[in-house]
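Chain identifiers are assigned alphabetically (A, B, ...) following the order of the sequence lines, protein sequences preceding nucleic acid strands; residue numbering begins at 1 within each chain.
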There are 2 protein chains.
Amino acid sequence: MAKEGTEMTEETEHMIEKNGAKETETVVSAGDAKEMRAVILSGFGGLNKLRVTKKAMPEPQEGEVKIRVKACGLNFLDLMVRQGNIDSPPKTPLVPGFECSGIVEAMGENTKGFEIGDRVMAFVNYNAWAEVVCTPLDYVYNMPDDMTFPEAAAFSMNFVAAYMMLFEVANLREGMSVLVHSAGGGVGQAVAQLCSTIPSVTVFGMASSFKHEAIKDSVTHLFDRNIDYVQEVKKISPEGVDIVLDCLSGENTGKGLGLLRPLGTYILYGSSNMVTGETKSFFSLAKSWWQVEKVNPIKLYEENKVIAGFSLLNLLFKQGRCGQVKTVVEKLFSLYNQKKIKPVVDSLWALEEVKEAMQRIHDRGNIGKLILDVEKSPTPLHHDSPVSNLSLENSWPNQHRLRFLDSTKSDNNEYIFQWHWFLW
Amino acid sequence: MAKEGTEMTEETEHMIEKNGAKETETVVSAGDAKEMRAVILSGFGGLNKLRVTKKAMPEPQEGEVKIRVKACGLNFLDLMVRQGNIDSPPKTPLVPGFECSGIVEAMGENTKGFEIGDRVMAFVNYNAWAEVVCTPLDYVYNMPDDMTFPEAAAFSMNFVAAYMMLFEVANLREGMSVLVHSAGGGVGQAVAQLCSTIPSVTVFGMASSFKHEAIKDSVTHLFDRNIDYVQEVKKISPEGVDIVLDCLSGENTGKGLGLLRPLGTYILYGSSNMVTGETKSFFSLAKSWWQVEKVNPIKLYEENKVIAGFSLLNLLFKQGRCGQVKTVVEKLFSLYNQKKIKPVVDSLWALEEVKEAMQRIHDRGNIGKLILDVEKSPTPLHHDSPVSNLSLENSWPNQHRLRFLDSTKSDNNEYIFQWHWFLW
């Protein structure tokens with residue numbers, strides 16, 4: 001029902017009034033082929049910096065593939081980008097998003113290896129959250145036939161990162177043990193599945209208790225994310241674990257190193273703890289940064305330990321390791337075709353729902369991956385069942401928000417969607 | 001010729017007079033079966049703390065194997081032990097040495113898996129430099145039939161360390177590059193050989209120029225150890241290298257990390273730079289220690305780098321990873337049997353020549369491994385060719401030493417060997 005009448009034509013100015021006021025957001029249609037819809041980050045900061053707007057249709061340069069996007073992945077990293085909480089942030093306004101899946105629509109000059117109509121998965125250095133993206137050939141991969149577009153968008157970053165950490169940075173083998181924070185998230189679920197491809201691997205995972213039922217089959221030992229996991233792991237495995245995958249940083253680095261068995265590997269692959277609130281706080285950033293204690297190499301020598309950092313984005317876009325990533329993607333697609341791995345999609349969101357999706361990942365409400373489904377229209381508020389689109393949120397300290405999605409019909413009989421926020 | 005008349009019976013007191021004086025050292029025979037010859041370190045310090053003496057014959061406890069030693073390995077680490085330059089040094093007097101090969105002579109109660117007469121290679125937690133050692137079952141391995149005793153003693157620590165660093169800590173694969181300091185040493189040569197078992201691996205090695213001719217076939221790019229290797233490596237491979245194996249520590253840690261390609265691994269496996277002179281200098285130790293800059297995990301994350309420490313002794317004797325090491329030894333023996341690797345023995349030395357052997361490794365004069373050959377007798381000084389056992393050394397700053405080996409016959413017609421030192 002929502003599928004009908006989803007062409008949205010109006011663009012209204014972004015407007016926000018805080019404290020008891022109402023925020024009206026904008027929904028734009030993809031009409032003319034000279035333009036496309038995209039999510040725009042107008043400046044670093046809170047959710048209110050995001051909106052959907054029209055942009056000029058991109059055209060592929062030499063060596064680039066033009067993709068009609070079907071689905072985009074949303075990662076914790078995108079929250080850090082939104083806050084400008086990354087190393088050398090780019091200029092705003094920008095279109096966020098690093099991964100998508102879709103259909104090849106055109107190719108630049110001298111660009112070979114794909115046919116128009118190919119179903120592809122791609123990495124993009126920003127700009128993924130749009131109806132159309134252009135990205136260099138080296139970042140595009142033909143999808144397995146059985147893979148859906150949301151699966152592909154859930155696959156690229158999470159499975160490549162998980163695979164490279166487990167098998168290229170660390171050296172996961174039979175009988176080893178792995179500890180992963182955020183076991184219910186996209187990377188966490190990819191890690192758990194990849195561990196299951198190796199015999200006798202024990203996975204220790206942290207996740208909010210409400211996720212335990214859903215993910216308990218993929219994780220050997222599940223702990224609530226708020227408990228003292230060091231003690232809990234030691235109760236089960238006094239010697240510690242072979243691999244620690246840490247996306248939290250801060251004091252968890254010391255804890256992770258402390259939990260390593262001899263020859264064990266600690267890998268820092270994110271600093272999601274740095275995303276503490278709605279807007280970037282330089283103070284809290286600096287604090288988190290320095291909370292990561294530096295490591296003495298002599299101590300690593302005495303204890304036979306390994307510490308590593310892993311950033312897939314830097315690997316792809318700053319360090320030019322596409323060839324190595326391509327090999328990994330091929331191995332992963334093979335595992336997918338053998339039905340040994342399968343991306344877990346938490347939920348699909350329209351581009352217009354990007355804020356809600358971000359809030360969900362921020363609140364760690366997701367199990368598996370959040371996907372922006374480009375062809376999806378935001379769920380309209382049915383006036384006979386208003387509760388379904390109402391939610392009370394209190395993730396901002398000392399502030400409550402009531403949000404609901406309302407839809408009205410425009411003059412030419414098309415839906416206009418608006419999110420309303422009440423803050424108090 | 002030297003083989004005859006090598007039974008030595010007299011033990012004289014160790015005597016040293018500095019500055020223009022003469023040092024007389026002691027050589028002892030292995031006579032009675034209740035006793036055995038062993039190298040003793042009487043206290044931490046210089047070469048003069050070492051001597052050969054008689055000790056009570058050890059007997060195997062439950063779970064131990066008694067080995068009639070044929071050959072022992074001498075490592076840079078033994079120099080650090082001599083100086084007390086290690087983490088929690090044991091009490092002196094002690095018998096140094098961590099590895100040997102020989103023949104099983106007896107077994108403790110409930111000790112299975114070996115037969116008397118078996119040719120074995122073994123790790124020992126000290127006490128290797130003796131005619132007989134007892135060590136737990138888990139540290140003993142049956143040698144390949146074709147392997148000589150000196151080869152086995154040259155094999156254990158160096159090849160196990162090289163293998164574990166390359167294939168378990170790092171993840172050496174086709175097409176990668178490896179940088180190794182001390183390419184002419186025991187570990188260096190093991191690293192070079194193991195790299196040659198993987199297709200298209202580039203080895204960058206540092207070694208004193210006089211070794212280059214001897215080792216040039218095993219190392220792709222050889223540099224003199226005194227040059228700026230960072231610049232030289234970058235000239236050939238601007239992107240850097242995949243694996244850096246560092247036994248020097250200090251400022252080389254930063255250089256090594258800087259040379260890593262993305263996803264590259266730096267491994268600190270020793271601190272031979274800490275052995276700077278004859279005796280332990282607490283000041284220089286502390287200085288070296290702090291010269292190793294601590295590493296920021298966030299920087300590793302941004303740069304996609306891995307830093308590791310590797311200490312085989314700690315792994316074996318403090319961290320109880322015998323099982324993992326046994327698997328590695330089996331893989332290495334298989335490579336040996338396929339003639340893909342072969343330990344390089346630099347030279348064989350009698351127990352009585354341990355000081356000269358240590359000086360050789362300290363001066364980095366060796367190509368491959370120094371072996372103490374328990375059945376070898378020290379080369380006597382022939383009075384018609386005195387020069388062959390004379391050497392002028394100036395490795396002590398502002399001090400020169402003239403040493404020569406003299407032999408006289410005792411009353412019962414056996415040789416007595418004495419080293420004479422002139423210091424000025």
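- Look at B/K318 and A/E302 and you find no salt bridge, because none of the NZ, NE, NH1 or NH2 atoms lies under 4.0 Å from a carboxylate O.
- Among the candidates A/T265, A/V295, A/I267, the residue making the largest number of heavy-atom pairs closer than 4.5 Å to chain B is A/V295.
- A donor-acceptor pair under 3.5 Å links the side-chain atoms of A/N171 to the main chain of B/F167, judged by distance alone.
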(Q) Between B/F310 and A/V306, is the side-chain contact (heavy atoms from CB on, under 4.5 Å) condition met? List the steps. (A) CA-CA 9 Å; B/F310 183 79; A/V306 184; over 6 Å; no
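- Counting heavy atoms from C-beta outward, B/E303 and A/N314 have side chains that stay 4.5 Å or more apart.
- Side-chain polar atoms of A/Q319 and B/N304 form a donor-acceptor pair below 3.5 angstrom.
- Judged by distance alone, with hydrogens and angles left aside, the side-chain atoms of B/N296 form no donor-acceptor pair with the main-chain N or O of A/K294 at under 3.5 Å.
- Residue B/L268 comes nearest to A/P297 through the heavy atom pair CD2-O, 3.7 Å, listed as atom of the first residue, atom of the second, then distance.
- In terms of non-hydrogen atom pairs under 4.5 Å with chain A, the most contact-rich of B/G264, B/S311, B/A170 is B/S311.
- You'll find the side chain of B/I307 reaches within 4.5 Å of the side chain of A/L300, heavy atoms only.
- The most heavy-atom pairs under 4.5 Å with chain B, out of A/R173, A/M164, A/Q324, A/E239, come from A/R173.
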